[in-house]
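This report refers to the structure that appears directly beneath it.
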Amino acid sequence: MDEALEVLDLVADSGLDGVVTWLLRLLGLLALLAGVGLWLFAEVGLLVPALLVVGGLVLLIAPTVLLALAEVV
């Protein structure tokens, strides 16, 4: 966990925090849309789309929380 916070602190100090945050949000949005698409249009089951939806939501929320945590620590 300390290594992840050091990387986030380095990103925040370099001024790329906005770019990294939006890239992770875009990746989360794509995972969310892929999960919903698989659930609606494919006979995959429920586990894979559910994991994609949950992972997408985490990627949408986590960058903001992690960068705020890195600035506090």
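These figures come from a predicted structure and were not determined experimentally.
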Subject >> Cluster overlap Leu51 with Leu24, hydrophobic side-chain contacts below 4.5 Å >> reply: no

**OP:** Identify, with sequence neighbours excluded, every residue that meets side chain to side chain contact (heavy atoms under 4.5 Å, CB included) alongside Leu38.
**Re:** Ala42, Val44, Val48, Pro49, Leu52

**OP:** Quick one: closest heavy-atom pair of Ala31 and Gly56, and the distance?
**Re:** CB-CA, 3.9 Å

**OP:** Keeping to residues at least two apart or across chains, list the side-chain hydrogen bond (donor to acceptor under 3.5 Å, both in side chains) pairs with something in residues 25-35.
**Re:** Arg25-Thr64

Subject >> Verify same cluster id: Leu47, Val54 (apolar side-chain graph, 4.5 Å) >> reply: no

**OP:** May I ask whether Val36 and Leu33 are part of the same hydrophobic cluster, defined by side-chain heavy atoms of I, L, V, M, F, W, Y residues being less than 4.5 angstrom apart, directly or through others?
**Re:** yes

Subject >> Closest heavy-atom pair and its distance - Gly28, Leu59 >> reply: CA-CB, 3.5 Å

**OP:** Report the residues that fulfil side chain to side chain contact (heavy atoms under 4.5 Å, CB included) with Leu57, sequence neighbours left out, ordered by chain and then residue number.
**Re:** Leu32, Val53, Leu60

